[in-house]
Amino acid sequence: MTIRFTLNGRPVAVDTDPGRRAVDLLREDLGALSVKEGCGTGECGACSVLLDGELKLSCLLLAAQLEGREVVTCEGLGDQAAPHPLQAAFAEHGAVQCGFCTPGMVLAAESLLRENPDPDREDVRRGLSGNLCRCTGYVKIVDAVQAAAKERRGGWRKK
């Protein structure tokens, strides 16, 4: 089956089994390496994507569910040459250690800031609660999200 959708602003048409997991399609076939499989059961957030602007776990999505939709991965927010303010804030605040959870955390933070542009620390913790990190105590991650929120309120606009 040919599945057509938009990935990071670009139209995609890919022949695949409609029952294939979206995480595998995105990472293995389409090179979206920020989409990682941690648990495969929807518990860790490492495979997070924005699907039509809503945070979703790609390990729980089938490829057919992407048909006609807009998918944004961490690569779609920014890159090394022009990082998204959340990506930059994570780096600046030391919120990245091994980096495995970072793309999912960044996308969860983006989702949160779209809904709540001025979150307090508890709001950030709740917004990131579906994302697990085994390296940090989350303090620097919360700091980074709050710094990006402040920058966003000062003029940065979502992509």
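Everything numeric here is computed off the predicted structure, so don't read it as measured data.
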In short, Ala63 meets Asp17 closest at the heavy-atom pair CB-O, 3.9 Å

Would you call Cys44 and Asn131 a side-chain contact if the rule is heavy atoms closer than 4.5 Å?
no

Does the pair Lys150/Asp118 count as a salt bridge with the N-to-O cut at 4.0 Å?
no

Measure the CG-CG distance between Leu7 and Leu26 for me, rounded to the nearest 0.5 Å.
6.0 Å

Nearest-0.5 Å distance that lies between atom OG1 in Thr16 and atom CG in Asp24:
9.0 Å

Donor-acceptor check, side chain of Glu75 to backbone of Leu33, threshold 3.5 angstrom: yes or no?
yes

Rounding to 0.5 Å, atoms CE (Met105) and CG (Leu112) come to a distance of 12.5 Å

Between Ser34 and Pro103, is there a donor-acceptor pair closer than 3.5 Å when you use the side chain of the first and the backbone of the second?
no

Donor-acceptor pair, side chain of Asp123 and main chain of Asp120, under 3.5 angstrom:
yes

Compare all side-chain heavy atoms of Val71 with those of Asn8 and state whether any distance is below 4.5 angstrom.
no

Closest approach of Ala109 and Val145, non-hydrogen atoms and distance?
CB-CG2, 3.7 Å

Using the side-chain contact (heavy atoms from CB on, under 4.5 Å) rule, take Val106 and Leu77 through it: C-alpha gap first, then chi angles, then the decisive distance, then the call.
CA-CA 9 Å; Val106 168; Leu77 291 183; 3.7 Å; yes

Taking a hydrophobic cluster as the set of Ile, Leu, Val, Met, Phe, Trp and Tyr residues connected by side-chain heavy atoms closer than 4.5 Å, whether directly or through intermediates, do Phe100 and Phe90 fall within one such cluster?
no

Gap separating the OG atom of Ser48 from the NZ atom of Lys36, nearest 0.5 angstrom:
11.5 Å

Looking at Glu115, I'd like to know if its CD atom is crowded, meaning that more than 12 non-hydrogen atoms belonging to other residues, nucleotides or ligands lie closer than 6.0 Å.
no

Return the SG to CZ distance between Cys98 and Arg134, rounded to the nearest 0.5 Å.
9.5 Å

Does the Glu37 side chain pair with the main chain of Val23, one donor and one acceptor, at a distance under 3.5 Å?
no

Membership question, hydrophobic clusters at under 4.5 Å side-chain separation (ILVMFWY): are Leu132 and Val49 in the same one?
no

Would you mind checking if Glu54 and Arg69 are paired as a salt bridge, meaning a charged N to carboxylate O distance below 4.0 Å?
no

Taking all heavy atoms of Ala108 and all of Gly127, pick out the closest pair and write down the distance.
CB-O, 4.0 Å

Check: Arg4 side chain, Val14 main-chain N or O, donor-acceptor pair, under 3.5 Å:
no

Using side-chain heavy atoms (C-beta onward) and a distance below 4.5 Å, is Leu60 in contact with Thr41?
no

I'd like to know if Leu57 and Leu61 are part of one continuous hydrophobic network [Ile/Leu/Val/Met/Phe/Trp/Tyr, side-chain heavy atoms within less than 4.5 Å].
no

Under a 3.5 Å distance rule, please check whether Tyr138 uses its side chain to pair with a backbone N or O of Cys133 as donor and acceptor.
yes

Within the structure provided, determine whether Lys56 and Leu50 are in side-chain contact (heavy-atom separation under 4.5 Å).
no

Do you know which two heavy atoms are closest between Pro117 and Ala149, and how far apart they sit?
O-CB, 3.7 Å

Are Phe5 and Leu51 packed together at the side-chain level, in the sense that at least one heavy-atom pair is separated by less than 4.5 angstrom?
no

Steps toward side-chain contact (heavy atoms from CB on, under 4.5 Å) verdict (Cys47, Val35)
CA-CA 5 Å; Cys47 67; Val35 182; 4.3 Å; yes

Please answer whether the main-chain N or O of Arg126 pairs with a side-chain N or O of Ser129 as donor and acceptor at a distance below 3.5 Å.
yes

Can you confirm whether Glu67 sits close enough to Leu62 that some side-chain heavy atom of one is under 4.5 Å from a side-chain heavy atom of the other?
no

Can you give me the closest heavy-atom contact between Pro85 and Ala148, atom names plus distance?
O-CB, 4.2 Å

Between Arg20 and Met1, is any pair of side-chain heavy atoms under 4.5 Å apart?
no

Go through the steps to decide whether Glu151 and Gln146 satisfy the test side-chain contact (heavy atoms from CB on, under 4.5 Å), and finish with yes or no.
CA-CA 9 Å; Glu151 181 179 340; Gln146 286 199 297; over 6 Å; no

Could you tell me whether Asp143 and Lys140 have a side-chain N and a carboxylate O separated by less than 4.0 Å?
no

Nearest heavy-atom approach of Leu66 to Ala22 is CD1-CB, 4.0 Å

Check: His93 side chain, Ala95 main-chain N or O, donor-acceptor pair, under 3.5 Å:
no

What's the verdict on side-chain contact (heavy atoms from CB on, under 4.5 Å) for Ser58 and Arg21, showing C-alpha distance, side-chain angles and the deciding distance?
CA-CA 7 Å; Ser58 64; Arg21 295 183 316 157; over 6 Å; no

Going by heavy atoms in the side chains, are Val12 and Thr6 under 4.5 Å from each other?
no

